[in-house]
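Sequence lines set the chain letters: A, B, ... in the order given, protein chains first and strands last, and positions in each chain run from 1. Computed from a predicted structure; not experimentally measured.
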Number of protein chains: 2
Amino acid sequence: MPREYKVRTKPAMQPPHPGAILRLDVVPALRISIAQAARELGVSRQLLHGILAEKLPVSAEMAVRLGKWCGNDAHLWIALQRDYDLWRAERKLASRISGIPTHEAV
Amino acid sequence: MPREYKVRTKPAMQPPHPGAILRLDVVPALRISIAQAARELGVSRQLLHGILAEKLPVSAEMAVRLGKWCGNDAHLWIALQRDYDLWRAERKLASRISGIPTHEAV
DNA sequence: GGCAGTGTCAAATAAAAATTGACAGATGTC
DNA sequence: GACATCTGTCAATTTTTATTTGACACTGCC
């Protein structure tokens with residue numbers, strides 16, 4: 001009787017949305033209202049709300065604003081977003097990528 | 001007579017567009033036509049041309065395709081693109097960014 | 001001459017990013 | 001109680017980005 005194995009190719013762990021870091025760590029630490037933060041960042045209140053609710057992405061420009069605003073490199077924010085995007089894209093394309101051949105010569 | 005100093009805050013070196021890596025390294029190494037590559041990747045020929053010409057970005061989905069196609073992690077491609085995007089965003093927002101206050105408490 | 005490829009263009013679509021205006025509800029304060 | 005400010009969410013809209021399609025002139029090759 002051949003045994004079945006489940007092959008795990010990827011950790012399949014969902015990376016955090018940058019909004020989660022902002023919501024759970026940054027905003028509480030700064031003790032600032034969302035409305036005020038949006039004003040300081042120079043974006044609409046709704047955009048910031050959307051990011052905090054993990055419904056809108058941190059764009060490159062937003063990452064630059066956040067970097068200046070909380071004094072840490074913009075790379076942090078865009079890296080978080082990028083990992084999140086990649087994770088979603090992998091799942092979205094899962095069926096289609098199997099049709100793409102792999103060239104090992106690189 | 002007070003002397004003037006030029007302050008360099010950032011390396012200001014433009015990161016490469018992922019299209020440059022594809023065009024200079026990957027495609028020559030694989031010895032494949034652009035048209036054929038586009039077919040294998042499942043995207044339009046013009047989109048691939050645009051990326052190779054550094055006029056169109058490597059999206060998250062495109063990074064996944066490229067990762068599968070040339071056997072290296074999709075992270076490489078999206079990291080290249082995001083560094084490029086960030087570099088452009090920093091320059092685009094340079095004037096507006098100075099108006100954003102910095103909170104050091106993070 | 002016909003086939004495959006190249007690089008670029010314009011037009012069209014589709015999808016994503018961001019703004020504006022509105023709403024009901026919470027909380028504080030004078 | 002009325003005012004101001006904030007909250008979270010909604011819908012409509014605008015702007016921007018990503019991608020496709022179709023076309024064009026040109027090149028190289030059997």
Next on the checklist: So, does B:Ser59 get its side chain near the phosphate of D:dT19, meaning an N or O under 4.0 Å from OP1 or OP2?
Outcome noted: yes

Next on the checklist: Distance alone, cut at 3.5 Å: any donor-acceptor contact between the side chains of A:Trp87 and A:Gln14?
Outcome noted: no

Next on the checklist: Counting the atoms with a prime plus P, OP1 and OP2 as sugar-phosphate, which does A:Gln46 contact under 4.0 Å by heavy atoms, base, sugar-phosphate, or nothing?
Outcome noted: base

Checklist entry - Is the backbone N or O of B:Leu56 less than 3.5 Å from a side-chain atom of B:His17, with the two atoms forming a donor-acceptor pair by type? => result yes

Next on the checklist: Is any side-chain heavy atom of B:Leu66 closer than 4.5 Å to one of B:Val58?
Outcome noted: yes

Checklist entry - Between D:dT19 atom P and A:Leu93 atom CG, what is the distance in whole Å? => result 10 Å

Checklist entry - Taking 4.0 angstrom as the limit, do B:Arg82 and A:Asp85 come out as a salt bridge? => result yes

Item to check | Protein-nucleotide distance (B:Arg45, atom CZ; D:dT21, atom C1'), rounded to Å | outcome: 11 Å

Checklist outcome for this item: From NZ of B:Lys55 across to P of D:dT17 the rounded distance in Å is 16 Å

Item to check | Integer-rounded Å distance: D:dT9 P and A:Glu54 CD | outcome: 12 Å

Checklist entry - If you check every side-chain atom of B:Leu56, which of D:dC24, D:dT7, D:dT19 has the closest atom? => result D:dT19

Checklist entry - B:Asp85 has an atom CG; how far is it from atom P of D:dT16, in whole Å? => result 16 Å

Checklist entry - Which comes earlier along DNA chain C counting from the 5' end, the contact point of A:Val58 or that of B:Ile34, where each point is its nearest nucleotide? => result B:Ile34

Checklist entry - Does atom CZ of B:Arg23 have more than 12 heavy-atom neighbours, drawn from other residues, nucleotides or ligands, at distances under 6.0 Å? => result yes

Checklist entry - Roughly, in whole Å, what's the span from CG in A:Leu47 to C1' in D:dT16? => result 14 Å

Checklist entry - Side-chain contact, heavy-atom cut-off 4.5 Å: A:Trp77 with A:Ile21? => result yes

Item to check | A:His49 or B:Ile51, whichever maps to the more 5' nucleotide of DNA chain D | outcome: A:His49

Item to check | Donor-acceptor contact present, side-chain B:Lys68 to main-chain A:Ile97, <3.5 Å | outcome: yes

Next on the checklist: Please identify the 5'-most and 3'-most nucleotides of DNA chain C with any atom under 4.0 angstrom from a heavy atom of chain A.
Outcome noted: C:dA17 to C:dA22

Next on the checklist: Using a 4.0 Å heavy-atom cut-off, does B:Ser33 contact any base of the nucleic acid, only the sugar-phosphate backbone, or nothing at all?
Outcome noted: sugar-phosphate

Next on the checklist: Please report the distance, rounded to the nearest Å, between CZ in B:Arg82 and C1' in D:dT17.
Outcome noted: 12 Å

